[in-house]
There are 2 protein chains.
Amino acid sequence: MSLVAATAAGATREGAGVATLSDVARRAGVSPATASRVINGSSKPVTEELRERVLRAVTELQYVPNAHAQLLARSHRGAVGVIVHDVSDPYFSEITRGLQRVATDQGRLLMICNSYRDPERELEYVELLRGQQVAAIILAGSGYHDADFTRLLNGKLAAYEATGGRVAVIGRHEHSGDAVMPDNRGGGELLGQELCRLGHERIGVVAGPRVLTTITDRLAGLRAALADHGRELPEHRIRYADFDRDGGAEATAALLDAEPDLTAIAALNDSMAIGALALLRARAVPVPRQVSVFGFDDMPIAADVTPALTTVRLPLVEMGARAMALALDPGAAGPRVESLSAELVRRDSAGAAPR
Amino acid sequence: MSLVAATAAGATREGAGVATLSDVARRAGVSPATASRVINGSSKPVTEELRERVLRAVTELQYVPNAHAQLLARSHRGAVGVIVHDVSDPYFSEITRGLQRVATDQGRLLMICNSYRDPERELEYVELLRGQQVAAIILAGSGYHDADFTRLLNGKLAAYEATGGRVAVIGRHEHSGDAVMPDNRGGGELLGQELCRLGHERIGVVAGPRVLTTITDRLAGLRAALADHGRELPEHRIRYADFDRDGGAEATAALLDAEPDLTAIAALNDSMAIGALALLRARAVPVPRQVSVFGFDDMPIAADVTPALTTVRLPLVEMGARAMALALDPGAAGPRVESLSAELVRRDSAGAAPR
DNA sequence: TCTGGGCGGGAAAGCGCTTACCTCACCCGG
DNA sequence: CCGGGTGAGGTAAGCGCTTTCCCGCCCAGA
């Protein structure tokens with residue numbers, strides 16, 4: 001689910017009569033208590049006779065219990081909140097699939113919120129989810145290099161946890177609690193090693209916004225690996241743009257305009273890599289013969305573009321599943337951190353550097 | 001949001017003390033009524049002095065109102081429910097984007113539920129959303145050829161509408177209320193015309209599940225256009241499979257195995273077309289030189305695969321936006337139906353039939 | 001000085017449900 | 001024949017909030 005705070009405005013006030021529990025009880029000629037008991041199979045026994053009368057009334061009135069009233073009365077936290085950058089981004093779709101699977105297994109409802117990479121909105125969603133009395137909040141997706149924001153967010157999360165809420169994050173170092181950490185740095189290193197193995201020297205990097213910690217991590221790994229092989233990564237060969245397809249195309253164009261003889265483009269996620277591929281095709285640059293392209297994440301479409309994308313795989317579904325498991329298992333006192341390693345996937349978009 | 005019915009089991013019962021409105025009131029030394037008034041800016045004036053005391057208490061206690069209690073007290077329907085087949089499918093991501101935009105503009109919260117093409121689950125979600133007291137329910141995605149299911153669904157929707165709920169559907173004829181209808185049949189015709197224009201005779205169709213009305217509509221349009229040009233579409237050249245990438249690959253393989261000399265593959269959505277493309281590439285069949293491939297929907301990635309997909313565009317975002325507008329506008333007595341037409345997008349995956 | 005009107009604030013009645021607790025009838029053993 | 005146990009059902013007290021209604025105060029006007 002994507003949410004947006006509902007304001008008081010624009011409320012509809014329709015509805016002559018939604019059937020309530022009392023309506024059912026009245027029609028069945030029993031007390032609300034009895035009706036409630038048969039409707040949600042309480043442990044307290046009710047005679048067959050009454051049970052049937054109640055069930056009949058339920059179908060006749062098309063009664064559906066008011067979920068809010070139930071929640072209030074039970075003071076029972078059922079749902080789990082998830083805050084992602086954007087579910088329509090395959091990276092998050094995959095993570096969400098993992099989250100969903102575990103949540104479903106445990107009979108939990110999931111509320112999914114899109115922050116669209118706006119820290120402000122992320123903060124709002126934490127409040128909103130808290131108001132919804134969710135049992136746990138899961139934050140997926142890169143954190144931000146912004147100390148003020150981090151402090152604020154941690155404050156809110158702490159308040160939530162203090163009242164028994166559980167929190168798990170995916171890929172954020174800033175939070176001190178339970179976390180699932182994909183090895184972004186290690187993935188960057190794999191990328192760097194491959195680049196060196198293939199003999200690339202003039203490498204352009206197509207990066208997402210530098211405020212994202214994911215970007216700096218991947219970059220750091222890449223730099224480290226290159227340095228190991230005596231290569232440098234000058235700042236002017238890194239272009240920061242939106243973390244999506246169009247950003248990838250744009251950054252690639254800028255890179256190529258500045259230095260037409262690059263032999264490799266390393267995109268910091270697959271969407272950007274697809275944008276890079278599109279731009280190269282538009283400019284009739286042969287891939288990988290003249291320029292090799294690398295992605296990151298290995299989202300499903302990566303294998304289907306042409307040339308199929310060489311990329312660094314992150315176990316996205318697994319990450320989601322683990323995070324949900326952590327969030328739902330009250331266990332362990334100390335914070336638990338699970339690291340998941342990256343893996344290089346060689347396909348057709350990268351080859352040896354032309355000489 | 002994706003939901004799954006939360007069972008009573010597996011509830012957590014944590015939480016020593018979530019601050020409540022009374023806590024805030026007590027700490028501020030005012031009545032709950034006053035606290036409530038300042039917190040959600042009631043029209044009733046409150047002295048600056050008290051207002052400040054309350055606000056201070058709110059921040060000190062990190063108070064967040066209990067959304068369920070608010071909803072209950074206001075008996076105000078805020079959210080809107082959306083049932084789609086699968087948000088991670090770009091077709092629905094796009095529609096959802098449109099829904100979201102309008103909902104956000106009107107300050108509405110969206111609850112998104114994935115039915116994963118399971119009619120049973122669709123029914124359950126209608127109940128669930130009703131229980132959540134949503135102001136409207138939007139059903140997106142093909143209906144099913146299943147009279148029993150349709151009757152059941154319409155019954156539930158009618159009950160919901162009877163109590164003031166609003167319903168809008170996207171691409172379903174079975175419901176009699178407000179609807180946004182993409183012109184699937186017309187799109188099929190466009191496809192057929194293009195196929196004829198390019199001189200294709202031996203055409204294989206890669207279709208999704210035949211229980212989906214979308215499939216039969218597109219197929220009907222395609223058939224009609226072919227018939228106009230004196231061509232037939234024999235049943236054995238239609239393969240029904242899952243409505244996704246893998247289904248597309250599978251159906252294409254079956255088609256080619258049976259008739260290696262087909263000159264065109266018409267897939268009934270882009271995901272399937274991408275699967276077809278992948279299979280053809282794997283078999284080293286040149287596209288479009290030997291076989292042309294057509295998609296349907298024009299989802300964003302269609303332009304980025306290679307060869308770029310020739311497809312039939314549906315205004316997905318627009319469809320979502322219109323549906324939400326209909327759902328949120330109580331207006332008109334009679335049911336309103338908005339038709340949106342399809343458009344052929346020529347790219348590189350289709351060419352003249354080889355001779 | 002007295003009255004009426006306005007206005008800020010509180011008391012309390014719900015919203016629809018769950019559940020602890022109580023009642024009442026019945027049945028058993030002593 | 002009676003006391004107490006048992007078990008089915010009802011009563012009512014909330015869950016946390018909003019909102020109507022009312023009260024008391026202050027000031028303007030007579």
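Since we're looking at a predicted model, the values are computed, not measured. Residue numbers start from 1 in every chain, and the chains themselves are labelled A, B, ... in the order their sequence lines are given, proteins ahead of strands.
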S.K.: Tell me the interatomic distance from B:Asp23, atom CG, to D:dC17, atom C1', rounded to whole angstroms.
M.R.: 13 Å
S.K.: On DNA chain D, check which nucleotide each of B:Arg37 and B:His68 is closest to and give me the residue with the more 5' one.
M.R.: B:His68
S.K.: From the options D:dG10, C:dC15, C:dG9, select the nucleotide whose nearest atom is closest to the side chain of B:Ala73.
M.R.: C:dC15
S.K.: I'd like to know if A:Glu49 pairs up with A:Arg53 as an ion pair, taking the criterion as any Lys NZ or Arg NE/NH1/NH2 lying under 4.0 Å from an Asp or Glu carboxylate oxygen.
M.R.: yes
S.K.: What I'd like to find out is whether the side chain of B:Asp89 reaches to under 4.5 Å of the side chain of B:Arg117, using heavy atoms alone.
M.R.: yes
S.K.: Below 4.0 angstrom, N of the basic side chain to O of the carboxylate: do A:Asp329 and A:Arg166 qualify?
M.R.: no
S.K.: With a 4.5 Å limit on heavy-atom distance, are the side chains of A:Ser142 and A:His85 in contact?
M.R.: yes
S.K.: Check the phosphate of D:dT18 against B:Gln70, side-chain N and O only, distance under 4.0 Å to OP1 or OP2. Yes or no?
M.R.: yes
S.K.: Given atom CG of A:Leu50 and atom P of D:dA8, what is their separation to the nearest angstrom?
M.R.: 11 Å
S.K.: Taking atom P of C:dG16 as reference, at what distance in whole Å does atom CD of B:Gln132 sit?
M.R.: 16 Å
S.K.: In residues 51-64 of chain A, which residues come under 4.0 Å of DNA chain C by heavy atom?
M.R.: A:Tyr63
S.K.: CG of A:Asn40 versus P of C:dT19: gap in Å, rounded?
M.R.: 7 Å
S.K.: Under the salt bridge (Lys or Arg N to Asp or Glu O under 4.0 Å) test, which residues partner A:Glu60, sequence neighbours left out?
M.R.: A:Arg27
S.K.: For A:Tyr160 and A:Ala136, work out which heavy atoms get closest and say how close.
M.R.: OH-N, 3.1 Å
S.K.: Taking atom P of C:dG9 as reference, at what distance in whole Å does atom CD of B:Glu48 sit?
M.R.: 11 Å
S.K.: Out of D:dA12, D:dT19, C:dG10, which nucleotide sits closest to the side chain of A:Ala33?
M.R.: D:dA12
S.K.: DNA chain D: B:Pro65 or A:Thr47, which has the more 5' nearest nucleotide?
M.R.: A:Thr47
S.K.: A:Arg74 has an atom CZ; how far is it from atom P of C:dT19, in whole Å?
M.R.: 6 Å
S.K.: Within the structure shown, what part of the strands sits under 4.0 Å from B:Thr20 by heavy-atom distance: base, sugar-phosphate, or nothing?
M.R.: sugar-phosphate
S.K.: Look only at the side chain of B:Ser42 and the backbone of B:Val38, and say whether a donor-acceptor pair between them is shorter than 3.5 Å.
M.R.: no
S.K.: Can you tell me which stems DNA chain C forms, taking runs of 3 or more consecutive Watson-Crick or G-U pairs with both distances under 3.5 Å?
M.R.: C:1-30 with D:1-30
S.K.: Measure CZ/B:Arg26 against P/C:dG9 and give the value in whole Å, please.
M.R.: 20 Å
S.K.: Does C:dT18 have OP1 or OP2 under 4.0 Å away from a side-chain N or O of A:Ser36?
M.R.: yes
S.K.: Quick one: which of D:dT18, D:dG16, C:dT18 gets closest to the side chain of B:Leu21?
M.R.: D:dT18
S.K.: What's the closest nucleotide to the B:Asn66 side chain, out of C:dA11, C:dG8, D:dC17?
M.R.: D:dC17
S.K.: So which nucleotide from D:dC17, C:dG9, C:dA20 ends up closest to the side chain of B:Thr34?
M.R.: C:dG9
S.K.: Under 4.0 Å between a Lys/Arg side-chain N and an Asp/Glu carboxylate O for B:Arg172 and B:Glu122?
M.R.: yes
S.K.: Just by distance, with hydrogens left out, do B:Thr96 and B:Ser93 show a side-chain donor and acceptor under 3.5 Å apart?
M.R.: no
S.K.: Once you round it to whole Å, what is the distance between C1' of D:dC15 and CG of B:Leu72?
M.R.: 9 Å
S.K.: Charged N to carboxylate O below 4.0 Å: is that the case for A:Arg97 and A:Glu94?
M.R.: yes
